[in-house]
Amino acid sequence: MLSPDADSPPLFPAPVRVVDVLLPLALGAAYSYRVPDGMEVAPGDIVVVPLGTRNMLGCVWPRPEKATPVDPAKLKPIQRRCEVAPLNARMIAFIQWIADYTVTPPGMVLRLALRHDESAGVARERVGVRLTDHRPARRTTAREKVVAALADGLVRAKSEAAKEAGVSPSVVDGLIDDGVLETVVLPPEPAAETPDPDHAAPDLLPAQAEAAARLVDSVKSGSFQPFLIDGVTGSGKTETYFEAVAQAIRQGRQTLILMPEIALTQAFLDRFARRFGVRPAEWHSAVSTKRRGRVFRGVASGEVAVVAGARSALFLPFRDLGLILVDEEHDAAYKQEDGVHYHARDMAVVRARLEGATIALVSATPSIETEVNARRGRYTRLALPERFAGTKVPRLEPIDLRREGPPRGQWIAPRLAREMQSTIEAGGQALLFLNRRGYAPLTLCRACGHRIKCPSCSSWLVEHRFRRRLECHQCGYAMPVPHECPNCHEPNALIPCGPGVERLHEEAAKLFPEARLQVLSSDLAGGVERLRAELKAIEDGEVDIIIGTQLVAKGHNFPGLAMVGVIDADVGLGHGDPRAAERTFQLLHQVAGRAGRHEVEGRAFLQTYMPEHPVMQALVAGDRDAFYDREIAIREEAHLPPFARFCALIISGTDPHAAQAHARALAACSPFTDKVRVLGPAEAPLALIRGRHRYRLLARGERSFDLSAYVRAWMAGAPRATGSLRVDIDIDPQSFV
DNA sequence: AGCACGCCGACT
DNA sequence: GTCGGCGTGCTC
């Protein structure tokens, strides 16, 4: 074969080939690049392209129909194509969909899928070593140790061999050079072992078996179907959906189990292992970069069958995703509120639709959105009404703090104390739930009435007596506890107001001097290790009274827990947050549900100043439907999600005219101008103002509100210098299905 | 997101 | 005279 002469120009010069490359930047659109001769690229390929002075990783992107061609003089060539798995068409569609829906530049969404350095990395070849017949010419003690360690003639990874011999890896390298050891290429370490769908098939209750069968059928059908697994605490929701996982494995399709990060516990992984023989691949912030790289590539190759992961796992490049489970679907941690604003639960539904996958949202207390979708038949409800162990859902009893509250300066009502006493005497454990870390949430000056606030965000500083500091729970600011009032300088006038878990511990210790107490909060001294140890101690019955924050509501099991006392059931109610009732209901339901899981009849007590509040009434009556009926009616009336396309536009930036520009734009494009109000930070509901946003517009528009028209109007009228536009993601889940 | 460019204050 | 603060704007 004659090779073409490189010096002479071709007779017919090939036309310049141009493709779009999406870069992981906030750029509005993909940029065009020239494809060098001899390079083949297709949409989804990961490439390196020059941008300004640097080189960047990007993804070849489908060219829009009406793309404005870029000046050919500007075109730079693609540098190289990366030898990594390209994004498939479904993944591209997913990224584009999220970008459109959340009004975010597509590059920012791509970043979520490419961000992991591991996506570009290629698995490094693992080198193993084995002893040969040669013996070292130069003998040293270190070398002797290596020879002795490898005397069995088996292959070991290089680092492994050095570690076993107790020498540095360079000794091993030296022996390789001398021919004493030979190198062997090891097969790449598997990202995860393959779960066995038939490892330990469970016994299911009739309701579980029926629900499992529905899910299995759906996985078999290989088409998009959304479900809600709606089961009371302890009804075996996990075991039920594990059967769908087994089916997906049998069919060779992949499964994603999404969970809030804190719910992804050892206990869950162990349960999975008991059913499938091995643990699933994990994906969350605590997984090492190296391990993430393996999982990432394993997911792309299809080798990893099941991933259990936090929010960000939603953007993994699955080769063939057949099943998604969203555990604790009501959890607020699924909502991402910086960078790309998205709700992982809703985007999971979108991804399932694009992948042709079965999806099940799982909760004992579904979010309002999901409940509405189930009631309207968009999601198929699979109800698990009974507890697996045959025990009843704990009875909830209100304690009216107006009539039978504790004396001033104390927080455990006499009745609650009596119940705790008899619980402990009967050998059971009691949990006091108070969602406030530290000793006291407010420090007040008796002399001048000054309240100590955070200098940077003006919320109250929380006293942490153990650490002898005042801390801001919003921004992390901390200072030593002052000896005099910072305002009037009166010494010894500062008094702590209200309870935190530390103070509650103090009170409980006084009331029950014999009892063994343990505080559980996220700032427990000693970190994760200590927490794990304390949980073990509790499980082994070495603790009588647990005093815990939100931490105790999720994930961990307390087999000996007989009763729960909620110190302040009203926390969270009464602010302007439209989700206050929902959150309180979910949290209290969940905490109360911790009691009496195994053979012990559980009881729960709610200390409240408003026992007549609908949330308390619904909890005490055990009437979930009443709660949902009311919440749905309120939202429908107020045009809040899920009955409005969105409820808030957030403007980041500092331009004082920006709010007016938004107001004009809203008025220009909303058919419901009378329902559109512009609220300043002081007026907007407290919970909607968090952090750095200077202005927030609440557009209580109808679902027909045309967002793109709004954006156009805003762009036209926006002052030149301004921040960016973001859309809050509490939106209409109808459009996902 | 970076990185350059640019236009004003305190240094060798 | 220059070094360097970060405000603005561009990158195919």
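Just the heavy atoms: all of them, side chains too, but no hydrogens, waters or symmetry mates, feed the values below. The structure displayed is predicted, hence computed values, not measured ones. Here is how names work: the chains are called A, B, and so on, in the same order as the sequence lines, proteins then strands, and each is numbered from 1.
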Opening and closing nucleotides of DNA chain B in contact with chain A, under 4.0 Å to non-hydrogen atoms: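 Range of nucleotides touched by chain A: dA1(B) to dC3(B).
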Separation of [X] atom [atom1] from [N] atom [atom2], in whole Å?
| X | N | atom1 | atom2 | result |
| --- | --- | --- | --- | --- |
| Asp20(A) | dC12(C) | CG | C1' | 9 Å |
| Met108(A) | dT11(C) | CE | P | 19 Å |
| Leu27(A) | dC10(C) | CG | P | 13 Å |
| Asn55(A) | dT11(C) | CG | P | 17 Å |
| Tyr33(A) | dC12(C) | OH | C1' | 5 Å |

Side chains of [X] and [Y]: do they bring a donor and an acceptor to under 3.5 Å?
| X | Y | answer |
| --- | --- | --- |
| Glu328(A) | Ser363(A) | no |
| Asn435(A) | Gln550(A) | yes |
| His284(A) | Glu282(A) | yes |

Lys/Arg N to Asp/Glu carboxylate O, Glu40(A) vs Arg17(A), below 4.0 Å: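 Result for this pair is yes, salt bridge flagged.
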Ion pair check, Glu582(A) and Arg635(A), cut-off under 4.0 Å: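 So Glu582(A) pairs with Arg635(A) through a salt bridge.
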Mutual orientation of the aromatic rings belonging to Phe94(A) and Phe315(A) [parallel < 30°, tilted 30-60°, perpendicular > 60°]: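 It falls in the tilted class, 30° to 60°.
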Sugar-phosphate only, base, or nothing, as touched by Leu75(A) at under 4.0 Å among non-hydrogen atoms: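 The residue Leu75(A) makes sugar-phosphate contact but no base contact.
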Ring-face cation contact, Tyr334(A) with Arg345(A), 6.0 Å cut, 45° max: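 Because its charged atom misses either the 6.0 Å distance or the 45° angle limit, Arg345(A) does not stack over Tyr334(A).
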Candidates Val21(A), Asp20(A), Leu110(A), Ile95(A) - the one meeting side-chain contact (heavy atoms from CB on, under 4.5 Å) with Cys59(A):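 The single option meeting the side-chain contact (heavy atoms from CB on, under 4.5 Å) with Cys59(A) is Leu110(A).
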Positions of residues 43-54 of chain A (non-hydrogen atom under 4.0 Å from DNA chain B), listed by number: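 Of all residues in residues 43-54 of chain A, the ones placing a heavy atom under 4.0 Å from DNA chain B are Thr53(A), Arg54(A).
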